[in-house]
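Below you'll find the structure, written out as structure tokens, and then a few comments.
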Amino acid sequence: MKTAKEFHPIDFVNRQVRDIPPSGIRRFFDIAATMEDVISLGVGEPDFVTPWHIRSEAVKSLEKGRTYYTANAGLLELRREIAKYMEKTIHVSYHPEDEIVVTVGASEALDAALRALVEPGDEVLIPEPSFVCYKPCTVLAGGVPVPIETRAEDGFKLTPELLKSAITEKSKILVLPYPNNPTGGIMTEEDLSQIVPIIKENNLMVISDEIYSELTYTGKHVSIATFDGMRDRTVVINGFSKAFAMTGWRLGFACAHPDVLSAILKIHQYGIMSAPTFSQYAAIEALKHGRADVERMKEEYNIRRKFLVDSLNEMGMTCFNPYGAFYVFTSNKKFGMTSEDFCQSLLEEQRLAVVPGTAFGDSGEGFVRISYAYSQDNIKKALKRLEAFAKNH
Amino acid sequence: MEFTRKILNLLERNATYCAKDISELLGEDEIKVAKEIARLRDEGVILGTKTLINWDKISPELTVATIELKVTPQKGEGFDKIAREIYAFPEVRSVTLMSGGYDLAVTVVGNSMKDVAMFVGEKLSTLDTVVSTATHFVLKNYKVDGVLYVEEPKDERVITL
């Protein structure tokens with residue numbers, strides 16, 4: 001019999017989970033939410049509403065009573081459309097039957113992929129600055145996250161030198177988050193060709209998070225899976241959130257070799273059953289007829305991107321010209337403060353909220369992330385406040 | 001054609017874009033863009049540039065009306081002659097030939113409802129070939145020519161991470 005002692009729910013919480021630090025972004029914006037008249041450029045989702053024809057398909061599916069579970073891996077029709085989409089965009093063929101799974105957002109695909117591949121002690125290489133989920137999900141999967149600090153002078157790319165210096169005997173997975181949140185950096189065909197041999201030599205598996213693939217402003221997005229011998233080594237993750245403005249629909253997908261995909265599917269099956277049915281019907285419509293919408297939104301982001309970069313440069317806030325996603329990672333070094341202090345002061349003095357670069361990894365120090373998933377009007381208003389701050393410092 | 005259309009779409013959005021701006025946005029050569037803009041101007045595709053003003057904020061008494069005109073088209077001239085006579089008036093901001101229940105949609109700007117009504121009564125209705133007029137006054141502008149005149153709806157997005 002256990003000795004009776006005081007009951008504290010916290011004692012029951014998995015220690016690993018307890019040790020995961022709270023999100024830097026969350027904490028900061030919780031403070032901003034308590035203040036009046038704050039302009040925030042911190043959001044990480046499109047300001048566009050999902051195009052009507054896509055919403056309409058979801059409504060129709062509900063009207064038709066399609067409210068049951070779908071196949072665990074997702075509607076076959078959707079997986080077929082996804083296969084066509086991958087063929088068209090990254091020129092890689094995947095079998096809808098056993099190489100594609102439809103997930104609850106690219107987030108679930110990422111989490112399931114890590115859990116499917118990582119064993120206790122495996123090292124997962126994570127270029128930083130990058131999306132805040134990779135580290136915690138790696139830890140929760142029992143792995144060891146190994147950050148790789150990318151640099152502004154390299155365009156925040158993963159260079160062969162940086163990759164080589166991070167690899168150890170325990171390295172198993174490389175997360176490749178490009179186009180990148182928060183830096184807007186991309187990996188061109190040339191850049192990828194330089195790391196492919198290193199990945200093969202060291203027998204790594206790649207999880208390629210390509211959620212911003214449609215938002216590439218110069219040239220076309222290239223996936224590492226297109227390289228010779230890389231298709232079976234890569235789990236390609238993508239989704240509908242950013243390109244089709246379907247963040248709230250929670251729909252994404254993973255494509256991988258059948259042996260890996262079936263493991264991801266197992267986790268997905270037991271944890272989730274299947275992704276939302278009406279979201280899947282909407283996604284079929286998005287892939288079949290949503291091309292023009294994607295182009296329209298991308299053109300809009302591009303206009304804002306240029307406007308923001310030009311304005312920041314005029315203010316003397318040097319900014320790495322982002323080639324993808326919808327963020328500008330601008331340097332706050334000229335103010336002689338840490339990113340956190342800068343964001344804090346900016347919020348207090350000018351009621352403008354942007355995200356400190358350190359929320360995305362230690363190598364984000366000296367930078368702040370400004371999102372341009374906002375109308376030009378909003379961006380203009382925000383820039384006025386930033387200008388006012390710059391004048392006072 | 002795609003190239004031309006893209007340039008025009010950008011200029012329509014923002015008339016202050018120069019050839020350099022457009023070349024950066026489209027990833028095209030600056031000289032090529034400049035030449036195309038010059039050509040479009042010469043050919044009357046680009047008609048001019050204007051500044052969009054929200055007059056409600058400066059002169060709330062300014063009154064805009066849309067008048068539906070029914071006219072008798074003239075032999076040999078169709079609607080062109082009457083349209084010419086109407087658009088010659090400085091008070092007339094636009095004249096458009098329409099399909100449906102009336103012929104010409106005319107936008108008139110005046111200093112008051114009475115002003116506009118007097119203009120319609122004295123100057124438009126009295127024109128030869130005008131059969132009838134129906135005047136509608138603009139009460140509030142929400143979106144005009146692609147530009148929002150009102151505050152954008154509140155941003156409901158939350159920070160999820």
Side-chain angles (χ1 to χ4, degrees), chain A residues 22-33 38-49 105 107 131-133 136 181-182 216-220 241 245 247-248 250 295-296 298-307 309-310 321 323 353 355 359-360 371 373-378 381, chain B residues 1-34 36-37 40 46 49-58 140-161:
Chain A
S23 151
I25 309 178
R26 173 94 260 170
R27 192 178 47 80
F28 184 72
F29 280 84
D30 281 349
I31 298 171
V38 170
I39 295 183
S40 157
L41 290 183
V43 127
E45 62 176 317
D47 57 318
F48 298 107
V49 175
S107 298
F131 186 44
V132 302
C133 288
N181 166 18
T216 303
Y217 305 108
T218 54
K220 257 193 99 186
S241 293
T247 37
R250 309 315 298 122
E295 291 304 319
R296 171 181 55 88
K298 178 172 147 179
E299 272 166 30
E300 185 62 37
Y301 289 130
N302 195 19
I303 288 174
R304 297 164 182 181
R305 173 181 78 114
K306 177 175 158 56
F307 175 67
V309 169
D310 286 347
N321 199 2
Y323 294 110
V355 188
F360 305 96
S371 164
Y374 292 89
S375 69
Q376 248 188 299
D377 258 353
N378 269 313
K381 283 186 196 147
Chain B
M1 198 51 186
E2 184 58 27
F3 172 66
T4 306
R5 209 179 285 280
K6 281 185 176 170
I7 293 177
L8 290 170
N9 282 335
L10 285 172
L11 280 173
E12 192 171 44
R13 279 210 35 177
N14 185 343
T16 67
Y17 281 145
C18 59
K20 181 168 183 291
D21 293 326
I22 295 182
S23 67
E24 278 170 20
L25 283 166
L26 297 181
E28 296 273 4
D29 173 62
E30 190 183 332
I31 312 264
K32 189 178 169 203
V33 169
E36 180 65 359
I37 294 176
L40 291 165
I46 295 176
T49 53
K50 292 182 74 169
T51 302
L52 279 171
I53 297 175
N54 185 349
W55 285 105
D56 288 342
K57 292 193 170 174
I58 297 290
K140 185 171 174 178
N141 286 316
Y142 290 94
K143 186 177 180 184
V144 180
D145 288 331
V147 176
L148 267 187
Y149 277 61
V150 289
E151 284 281 324
E152 280 176 356
K154 189 171 178 288
D155 190 338
E156 287 176 356
R157 291 174 296 171
V158 292
I159 307 291
T160 43
L161 256 191

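Letters go in sequence order (proteins before strands), and every chain restarts at 1.
Counting non-hydrogen atoms of other residues, nucleotides and ligands closer than 6.0 Å to NZ of A/Lys220 gives a total above 12. For A/Lys306, the NZ atom is densely surrounded, since the number of other residues' heavy atoms within 6.0 Å is greater than 12. Under a cut-off of 6.0 angstrom, the local environment of CG in B/Asp145 is sparse, with at most 12 non-hydrogen atoms contributed by other residues, nucleotides or ligands. The environment of B/Ile53 atom CD1 is dense: over 12 non-hydrogen atoms of other residues, nucleotides or ligands sit within 6.0 angstrom.
Inspection of the B/Asn14 and A/Gln376 side chains reveals no N or O donor paired with an N or O acceptor under 3.5 Å.
With rounding to the nearest 0.5 angstrom, the OG atom of A/Ser375 is 8.5 Å from the CG atom of B/Leu148. Once rounded to the nearest 0.5 Å, the distance linking CD1 of A/Ile39 with CG of B/Asp155 reads 11.5 Å.
Contact annotation for A/Val43: both backbone and side-chain heavy atoms come within less than 4.5 Å of a heavy atom of chain B. The contact between B/Glu152 and chain A is made entirely by side chain atoms (from C-beta outward), counting heavy-atom distances below 4.5 Å. Only the side chain of B/Leu10 comes within less than 4.5 Å of a heavy atom in chain A; its backbone stays farther off. A/Asp30 does not touch chain B: none of its heavy atoms, backbone or side chain, sits under 4.5 Å away. Interface remark: A/Pro136 contributes no atoms to any contact with chain B (heavy atom separation under 4.5 Å). For a residue to count as touching a neighbouring chain, one of its non-hydrogen atoms must lie under 4.5 Å from one of that chain's; by this rule A/Tyr217 does not touch chain B. With a 4.5 Å cut-off on non-hydrogen atoms, A/Ala33 does not touch chain B at all.
For the pair A/Glu299/B/Arg13, no side-chain contact is recorded, criterion being any heavy-atom separation below 4.5 Å from C-beta on.
By the 4.0 Å N-to-carboxylate-O rule, B/Arg157 lies too far from A/Glu45 to be salt-bridged with it.
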